[in-house]
Amino acid sequence: MQTYVIQGGKPLSGEVPVRGAKNEILKLLPACVLIPGPVHLTNVPWIQGVRVMSELITALGGSARADEAKHELHVDGSGINTTTLPDELVTKERATSLFAGAMLARFGEVTLHHPGGDAIGERPLDLLLDGLKTLGAKVEQDDRVYKLKGKLRGARFVFRKVSWTVTDNLMIAATLAEGTTELINAALEPEVVALAEFLNAHGAKITGAGTPTIRIDGVKALKTNGGPLRVMPDRFEAGTFVCAAAATNSDVTITGCRPDDMEVFLKVMEQIGVPFERTADTLHVKKHKGLRATEVVTHEYPGLSTDYQAPITVLLTQAKGLSLVHETIFEGRLFYTDKLKQMGANIIMADPHRVIVNGPSPLRGRKIISPDLRAGMALLIAGLVAEGQTTIGNIYQIERGYEGVHERLRALGAHIERVDSEKF
Ligand code: EPU
């Protein structure tokens with residue numbers, strides 16, 4: 001098993017670059033199914049999801065050629081000639097569900113297994129299926145396999161609950177539908193706007209992305225535009241590095257990020273007492289003189305994203321006083337706090353959605369298994385803070401979302417090794 005072995009308790013210093021946004025590229029790749037020719041993407045992060053989706057496009061008859069050194073990907077979905085997605089790839093990532101909207105839009109049918117992804121609570125597809133049915137698809141379900149069929153027509157769909165990926169999925173699906181689609185109570189994330197811009201750059205007619213009402217006037221076909229298209233910076237990765245710097249009381253500059261997309265996260269950092277300076281594309285975190293407890297409530301964008309919750313919770317173990325962390329989006333996203341307790345944090349779980357953190361607590365190195373992507377990365381930050389050695393297993397979960405994170409942390413002076421260990 002691959003593990004990270006960390007000798008903690010050492011401050012970080014220097015500059016760390018942010019890679020392209022996981023939750024944008026994982027939407028752009030399925031959208032390439034609709035584009036009748038090559039797409040050139042730059043600032044592509046080398047993470048598992050990108051590999052899985054590239055393999056999926058290839059398995060379906062398209063092509064995806066990577067230039068890993070340059071962080072570039074050349075995708076061509078025009079050769080896709082089969083509408084059944086291979087189970088072993090679909091079940092590796094949640095975002096493979098995006099192929100449902102794209103394949104339906106192009107071929108009028110698709111068969112796929114329930115997608116995989118993080119173990120952060122039940123992750124149903126009901127909203128997606130409701131949305132696709134509203135656009136005219138017929139759905140047959142056999143255990144965990146869905147067969148979707150139908151020529152899509154524009155329609156009005158109201159989200160009873162905001163869903164980021166379903167907003168993306170329906171936007172892609174409606175691009176080639178006959179007539180106009182309106183998505184009401186749509187997700188507002190900057191990556192949703194980026195996906196709409198990507199589709200529009202290839203001939204789609206989408207307005208209102210970034211507002212609660214998105215209008216999609218269906219077009220007969222998209223066209224190629226040659227690109228290149230640059231993936232936006234990953235705001236969660238940037239936030240993770242801010243928390244790592246603050247939790248270890250370090251002076252670190254995060255480069256290639258977009259602080260304007262991180263307003264509420266940065267407000268919470270101010271509240272906790274993390275000193276930082278920002279430019280349009282950097283965040284300079286400075287040493288602090290003590291951190292303050294606060295109340296943290298996750299919310300859909302532009303609120304504080306659930307993806308920042310775990311790194312902030314680790315930071316709060318180093319803040320003075322009682323903090324309340326309220327996770328409103330996923331019911332399984334606080335269980336990793338048990339592992340923080342094993343490292344010495346003083347945390348009480350009030351219920352599956354709320355924990356109380358009593359800080360500051362010195363943390364001690366431990367052997368721990370990474371439960372999911374964000375929690376795993378938070379435990380890695382705890383390992384950087386902790387005295388002694390921390391070994392993190394199941395780092396595959398961390399590497400699903402953070403490319404070469406141990407190398408980038410090492411460049412900041414962290415003592416972290418990626419080790420292949422027989423036993424854990
Ligand atoms: N939901 C339903 N039915 C559905 C879809 C979602 O009830 O059909 C529920 C979910 O269970 C959840 C809520 O709606 O309670 C919001 O889920 P959403 O659909 O917005 O989440 P998602 O699109 O599956 C994306 C990100 C997640 C991020 C969440 C919330 C991607 C690929 N994933 O997931 O990112 O945590 O939005 O912001 O964009 C991560 O990067 O580690 C990650 C998990």
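Both ligands and their constituent atoms are indexed starting at 1 by order of listing. Note that this is a predicted model, so its numbers are computed, not measured.
The D126 neighbourhood of ligand 1 comprises atoms 2 (C), 3 (N), 4 (C), 7 (O), 8 (O), with distances under 4.0 Å to a heavy atom of that residue. The N23 neighbourhood of ligand 1 comprises atoms 26 (C), 31 (C), 32 (C), 33 (N), 35 (O), 39 (O), 41 (O), with distances under 4.0 Å to a heavy atom of that residue. Within the listing of ligand 1, atoms 8 (O) sit less than 4.0 angstrom from a heavy atom of L128. Which parts of ligand 1 touch R374 is read off a 4.0 Å heavy-atom cut-off, strictly below it: atoms 40 (C), 41 (O), 42 (O). Of all the atoms in ligand 1, the ones that sit under 4.0 Å from a non-hydrogen atom of L125 are 8 (O). Residue L373 has at least one heavy-atom neighbour below 4.0 Å for each of these atoms of ligand 1: 42 (O).
Atom CG of D420 has more than 12 heavy atoms from other residues, nucleotides or ligands within 6.0 Å.
When heavy-atom distances to ligand 1 are checked against a 4.0 Å cut-off, T165 comes that close through both its backbone and its side chain. Contacts with ligand 1 closer than 4.0 Å are made by side-chain heavy atoms of K161 only, the backbone lying farther away. With a 4.0 Å cut-off on non-hydrogen atoms, K27 touches ligand 1 through its side chain and not its backbone.
Checking H40 against E72 by side-chain atom types alone, a donor-acceptor pair falls below 3.5 Å.
At least one heavy atom of P124 sits less than 4.0 Å from an atom of ligand 1. L26 does not count as a contact of ligand 1, since none of its heavy atoms falls under 4.0 Å from the ligand. Residue contacts with ligand 1 include R333, since one or more of its heavy atoms lies under 4.0 Å from the ligand.
Using a 4.0 Å cut-off between a side-chain N of Lys or Arg and a carboxylate O of Asp or Glu, D76 and R65 do not qualify as a salt bridge. At a threshold of 4.0 Å, the pair R418-E407 does not count as salt-bridged, since none of the basic side-chain nitrogens sits closer than that to a carboxylate oxygen.
Distance check: I392 CD1 to T3 OG1 gives 9.0 Å after rounding to the nearest 0.5 Å. Atoms CD1 and CG, on I6 and L380 in that order, are 4.0 Å from each other to the nearest 0.5 Å. Here the straight-line distance linking atom CG of L183 with atom OG1 of T134 works out to 10.0 Å at 0.5 Å rounding.
In summary, of the residues considered (T282, T253, I254), a side-chain contact (heavy atoms from CB on, under 4.5 Å) with E15 occurs for T253 alone.
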Derivation and outcome, side-chain contact (heavy atoms from CB on, under 4.5 Å), residues R19 and V405: CA-CA 10 Å; R19 301 281 182 240; V405 72; over 6 Å; no

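Nearest heavy atoms, R258 versus P190: NH2-CB, 4.4 Å. Contact record, L363 with G344: CD2-C, 4.0 Å, taken as the closest heavy-atom pair.
When D307, T306, L127 are ranked by how near their heavy atoms come to atom 8 (O) of ligand 1, first place goes to L127. Of the candidates F159, W164, Y308, F236, it is W164 that places a heavy atom closest to atom 37 (O) of ligand 1.
Ligand 1 has an N or O atom lying under 3.5 Å from an N or O atom of I329, backbone or side chain. Considering backbone and side-chain N/O of K22, one or more are found under 3.5 Å from N/O of ligand 1. Annotation: S163 places an N or O atom under 3.5 Å from an N or O atom of ligand 1; distance criterion only.
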